[in-house]
Amino acid sequence: MKKLIQPKDESRLAGALLVWYDRHHRDLPWRISPPMAKKGVKPDPYHIWLSEVMLQQTTVQAVKPYFQKFLARWPKVTDLAAAPSEDVMAAWAGLGYYARARNLKKCAEAVATEHGGVFPDSEEGLRALPGIGDYTAAAVAAIAFNRQAAVMDGNVERVISRLYAIADPLPGSKPQMKAKVAALTPADRPGDFAQAMMDLGATICTPKRPACSLCPFRDDCLALSAHDPELFPVKAAKKAKPVRLGAAFVAVDGMNRILLRRRPDKGLLGGMTEVPTTEWTARIDGDDTEASAPFTAAWQAKGVVTHVFTHFELRLSVFFVENVKGFANSHHEWWEPIANLEEQALPTVMKKAIVAAIPEAFTPAR
DNA sequence: AAACCGTGGAT
DNA sequence: TATCCAAGGTT
């Protein structure tokens, strides 16, 4: 009986990919490369988990220095569990998506107190921890514990959508693609298979101008045989970013200290440090002027800082005043020596605002 | 389930 | 300059 659809030889595809990976894998600080694995070196689940959380929606290049810094400061997950939250937030500052840092801390505490300092070795056990979703649970299970878990991230979505020429748009086509990944994932070396799929997506099956001639799947790829891999994956259209306006107030007292405060734990930049600001709204009125300053002073306009967040663009009017008399407002506010700014949990947008008012704020003192 | 949640590099 | 998007998760 003739089949209407010719199924691919899944084991042959996985084998071809692993051969490619043995030769062309990337060397990464958190990775046990195939030659080391052959010598019996095992991945450290703490390292794999830490890297996976940092890599969520974040480039390898951006993660590398943060990964090294965290590992040097907190060598074991129990060290991270015992660390003050403020230290963790400050160390994460600049990486973005700060809920990840809050959940990282919660997860480390859960592993330390509920699992005896040892990560669960199953996808289900990992999935129950804070900050670990479908992707990360599968990735840690496969990479750290050699579990046959179907790992699907943005890279894998691109590879699979092209290999099978999936015309349905993301994110609706995710279950369909996950089933394809599960069918492809081998019992032998599932961790390397997952990393190989992601390396392939990152280096060969790229969003633009993929290097199809170098791809181990070149003879099986339906998108390539249809002559346009760049058409995949199909995605739903995204919405335009609205603009929000606000003002930020950089106040310095007579002792070279700057007025800072802590943002609420939830929401945008949750738990991070900021200079006093107004609300950020779409309104064009007096809210972006010195009239809405935290206290009356000779505020000087220092221009407008633009910063693009995930779902809106912010235009912050920056105001500056110096030699003000220091005062205690609430327990959410404090005066911090400018020399200590580097150690604060300041998100990038706040560093921009401070630099607009004090250009040398982050230059090391001579 | 759609909205929310950062940042910087590549094109 | 504008757009995309990178090892996604939570609510």
Side-chain angles (χ1 to χ4, degrees), chain A residues 25-26 28-31 43 47-67 89 92-104 106-107 126-144 149-159 170-172 174-175 178 181 191-203 205-210 230 233 235-242 244 263-272 274 280 306-314 345-352:
Chain A
H25 64 85
R26 291 178 290 176
L28 301 171
W30 45 85
R31 169 176 291 176
H47 296 191
I48 301 302
W49 162 75
L50 179 60
S51 68
E52 288 301 344
V53 174
M54 287 183 167
L55 286 162
Q56 289 166 6
Q57 296 289 287
T58 308
T59 57
V60 165
Q61 181 182 337
V63 165
K64 278 181 180 174
Y66 284 86
F67 176 79
M89 299 308 289
W92 194 277
L95 247 199
Y97 284 136
Y98 298 99
R100 291 186 296 170
R102 287 177 262 139
N103 286 329
L104 188 82
K106 285 185 198 163
C107 184
L126 290 159
R127 181 66 178 79
L129 291 166
I132 298 187
D134 289 340
Y135 162 76
T136 305
V140 175
I143 299 170
V151 176
M152 194 172 70
D153 73 325
N155 289 303
V156 179
E157 286 173 358
R158 190 166 53 254
V159 172
L170 283 168
K174 256 187 163 178
K178 177 110 175 191
V181 179
D192 279 350
F193 175 82
Q195 296 179 89
M197 287 287 279
M198 295 190 279
D199 277 21
L200 188 70
T203 64
C205 195
T206 48
K208 302 294 178 190
R209 299 171 58 93
E230 280 190 24
K235 294 187 176 182
K238 40 191 73 167
K239 298 191 292 189
K241 283 182 184 177
R244 294 188 196 174
R263 293 177 62 87
D265 282 330
K266 296 196 181 298
L268 186 71
L269 307 177
M272 299 296 284
E274 67 175 4
W280 305 341
T306 295
H307 190 78
V308 180
F309 290 98
T310 307
H311 56 292
F312 66 93
E313 174 185 324
L314 175 66
L346 288 165
T348 298
V349 61
M350 290 302 154
K351 288 191 174 182
K352 285 187 188 175

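Proteins get letters first, then strands, A, B, ... in listed order; numbering begins at 1 in each.
- Screening A:Ile48, A:Asp199, A:Ile143 for a side chain to side chain contact (heavy atoms under 4.5 Å, CB included) with A:Arg31, the sole residue that qualifies is A:Asp199.
- C:dA7 sits 25 Å from B:dA3 when the P atoms are compared, rounded to a whole Å.
- A 4.5 Å side-chain heavy-atom check between A:Trp30 and A:Val60 finds at least one atom pair inside the cut-off.
- Using a 4.0 Å heavy-atom cutoff across all strands shown, A:Gly94 reaches sugar-phosphate atoms only and no base atom.
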TODO: For each nucleotide in nucleotides 1-11 of chain C, reading 5' to 3', give B when a protein heavy atom comes within less than 4.0 Å of its base, S when such contact involves only the sugar-phosphate, and - otherwise.
DONE: ---SSBBBSS-

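- Side chains of A:Thr306 and A:Glu313: a donor-acceptor N/O pair is absent below 3.5 angstrom, by distance only.
- A cation-pi contact links A:Arg263 to A:Trp280, judged by a cut-off of 6.0 Å to the six-membered ring centre and 45° from its axis.
- Nucleotides B:dG8 and C:dG9 are separated by 22 Å at their P atoms, to the nearest Å.
- Within 4.0 Å (heavy atoms only), A:Leu269 reaches sugar-phosphate atoms of the nucleic acid but no base atom.
- Distance noted for atom C1' between C:dG8 and B:dA1: 16 Å (whole Å).
- The neighbour count for A:Lys241 NZ, taken as heavy atoms of other residues, nucleotides or ligands under 6.0 Å away, is above 12.
- Side-chain rings of A:His311 and A:Phe309 stay apart, their centers remaining 6.0 Å or farther from each other.
- With a heavy-atom cut-off of 4.0 Å to chain A, the contacted part of DNA chain B has its first and last nucleotide at B:dA3 to B:dG8.
- No donor-acceptor distance shorter than 3.5 angstrom exists from the side chain of A:Arg102 to the backbone of A:Gly271, with no hydrogens or angles considered.
- Contacts of A:Val349 with the nucleic acid, taken as non-hydrogen atoms under 4.0 Å apart, involve only primed sugar atoms and P, OP1 or OP2.
- Along DNA chain B, the nucleotide nearest A:Lys239 and the nucleotide nearest A:Leu95 are compared for position; the residue whose nucleotide lies closer to the 5' end is A:Lys239.
- Using a cut-off of 4.0 Å between Lys/Arg side-chain N and Asp/Glu carboxylate O, A:Asp134 and A:Arg127 are scored as salt-bridged.
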